[in-house]
Amino acid sequence: MCSIEIERTNVIMFKDISIMGRVIYIIYVIDLYVKEKDNNADWNILLEELWSFPKYEYIDHYAYMVVECTPSCVLDEREDFQTAEYFNVEKLCKLKKLYMESPCTETVDYLMEQINHILGSNLYTSVKPPESHSLKIVEETYSYIEKLMGENVPPIKPFEIYSIYEEQCWGDYSFGKKELLERVKNC
């Protein structure tokens, strides 16, 4: 089978994964990437928040939190950390320093922008499976991830716990990092 067919097969696997499952896949890649490429403990500030999706009753609150900690927003000189809703000034200052110094920032920014596109384009719409807009975004992102991760591209199958057929395509995102990592380990 040629690589184009393999790529399409992998992307088709996202079809039954919910909007949040697609986002969570990208979060998982960010987590793997920064831990491999930059051994800075301050990445945990970002990772803990990205993995905190199960605690949000409303997905729009999670989406706003993601925007608030995206590198391009944190590094924007016009940004006033005093008005942040989800992060305190100390954490945002640590993230700013991290983003300014880390070799991972450009990649993390791109991946988080993809998360923002997926979340933002679906927040206030009525969608039906397979939710083709976020599927297109995740297809583009997956191609980027393949180049970024090479042979270490994470499997897609464990993310099927977030079904596109639940919660108006958002999926049951009460399954957190622990449950997902257990599925990845067994894959």
Side-chain angles (χ1 to χ4, degrees), residues 17-127 131 133-134 136-138 140-141 144-145 148 154 159 162 167-181:
I17 296 173
S18 71
I19 296 166
M20 274 307 295
R22 296 166 186 178
V23 165
I24 295 163
Y25 182 82
I26 299 170
I27 293 168
Y28 182 67
V29 169
I30 292 170
D31 194 321
L32 291 175
Y33 179 75
V34 299
K35 287 178 178 173
E36 178 186 324
K37 301 290 184 186
D38 188 5
N39 193 19
N40 188 326
D42 285 342
W43 282 112
N44 289 329
I45 296 168
L46 174 68
L47 296 173
E48 286 174 16
E49 292 303 321
L50 291 178
W51 283 111
S52 72
F53 56 86
K55 80 176 187 181
Y56 288 90
E57 181 180 0
Y58 301 108
I59 200 66
D60 54 337
H61 293 203
Y62 178 77
Y64 298 144
M65 180 278 299
V66 173
V67 169
E68 196 169 275
C69 65
T70 300
S72 56
C73 290
V74 172
L75 294 172
D76 188 332
E77 290 301 320
R78 300 169 297 169
E79 192 61 44
D80 179 8
F81 294 162
Q82 300 296 327
T83 61
E85 291 183 51
Y86 297 93
F87 290 85
N88 63 37
V89 173
E90 179 186 350
K91 283 185 177 181
L92 287 170
C93 286
K94 283 184 179 182
L95 285 176
K96 184 172 186 169
K97 183 178 184 320
L98 174 70
Y99 293 159
M100 290 173 68
E101 297 173 355
S102 177
C104 298
T105 301
E106 186 176 329
T107 298
V108 170
D109 191 50
Y110 172 78
L111 292 172
M112 288 184 69
E113 288 296 335
Q114 297 304 94
I115 290 170
N116 290 334
H117 290 310
I118 291 171
L119 293 173
S121 64
N122 288 293
L123 275 182
Y124 303 108
T125 61
S126 175
V127 293
E131 203 315 273
H133 186 71
S134 68
K136 182 178 182 200
I137 295 168
V138 85
E140 294 166 7
T141 309
Y144 179 86
I145 290 168
L148 179 71
F159 295 82
Y162 307 105
E167 303 295 326
Q168 298 177 329
C169 297
W170 286 99
D172 177 1
Y173 55 91
S174 64
F175 301 111
K177 181 179 180 180
K178 182 180 175 184
E179 294 88 355
L180 177 66
L181 294 181

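For the single chain, residues carry numbers from 1 onward in sequence order.
Ring orientation note: the planes of Tyr110 and Tyr144 are tilted relative to one another, at an angle of 30° to 60°. Classification of the Tyr28-Trp51 ring pair by plane angle, with boundaries at 30° and 60°, yields perpendicular.
Side-chain contact between Asp42 and Leu95 is absent, with no heavy atoms from C-beta onward closer than 4.5 Å. Side-chain atoms of Cys69 and Met112, non-hydrogen and from C-beta on, do get closer than 4.5 Å to each other. Between Leu46 and Leu98, the closest side-chain pair of non-hydrogen atoms is not below 4.5 Å.
The residue from Gln114, Lys136, His117 that alone fulfils the side-chain hydrogen bond (donor to acceptor under 3.5 Å, both in side chains) condition with Thr141 is Gln114.
Ion pair Glu77/Lys96 flagged as a salt bridge, since at least one NZ, NE, NH1 or NH2 atom sits closer than 4.0 Å to an Asp/Glu carboxylate oxygen.
Rounded to the nearest 0.5 Å, atoms NZ (Lys55) and CD (Glu49) are 5.0 Å apart. Taking OH of Tyr33 as the reference point, atom CH2 of Trp43 lies at 9.0 Å (rounded to 0.5 Å). Taking OH of Tyr99 as the reference point, atom NZ of Lys94 lies at 13.5 Å (rounded to 0.5 Å). Once rounded to the nearest 0.5 Å, the distance linking CD1 of Ile24 with CG of Asp31 reads 12.5 Å. The CD atom of Glu167 sits 9.0 Å away from atom OG of Ser174, with the distance rounded to the nearest 0.5 Å. Within the model, atoms CD1 of Ile115 and CD1 of Ile26 stand 5.5 Å from one another, a figure rounded to the nearest 0.5 Å.
Leu119 and Ile59 make their closest contact through CD2-CG1, 4.4 Å (heavy atoms, listed as atom of the first residue, atom of the second, distance). Pairing each heavy atom of Ala63 with each of Asn116, the nearest pair is O-OD1, 4.5 Å. The shortest heavy-atom contact between Leu148 and Thr107 is CD2-CG2, 3.6 Å. Of all the heavy atoms in Glu68 and Cys73, the pair that sits closest is O-CB, 4.4 Å. Nearest approach of Tyr25 to Pro154, heavy atoms of both residues: OH-O, 2.8 Å.
At least one donor-acceptor pair closer than 3.5 Å links the side chain of Tyr62 to the backbone N or O of Leu50. With hydrogens and angles disregarded, no donor-acceptor distance shorter than 3.5 Å links the side chain of Thr105 to the backbone of Glu101. The backbone N or O of Val23 sits nowhere less than 3.5 Å from a side-chain atom of Tyr162 that would complete a donor-acceptor pair.
Residues that satisfy the side chain to side chain donor-acceptor pair (under 3.5 Å) test with Ser102, not counting sequence neighbours, are Asp38. Under the side chain to side chain donor-acceptor pair (under 3.5 Å) criterion, Asn40 pairs with no residue at all, not counting sequence neighbours. Every side chain to side chain donor-acceptor pair (under 3.5 Å) that Asp60 has, sequence neighbours left out, goes to Tyr124. Checked against salt bridge (charged side-chain N to carboxylate O under 4.0 Å, His left out), Glu36 has no partners two or more places apart in sequence or in another chain. With sequence neighbours left out, Ser18 forms a side chain to side chain donor-acceptor pair (under 3.5 Å) with no residue at all.
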Can you give each donor-acceptor pair under 3.5 Å made by side-chain atoms of residues 83-91, sequence neighbours left out, with the distance rounded to 0.1 Å?
from: Thr83; atom 1: OG1; to: Asp80; atom 2: O; distance (Å): 2.8
from: Asn88; atom 1: OD1; to: Glu90; atom 2: N; distance (Å): 3.2
from: Asn88; atom 1: OD1; to: Lys91; atom 2: N; distance (Å): 2.7

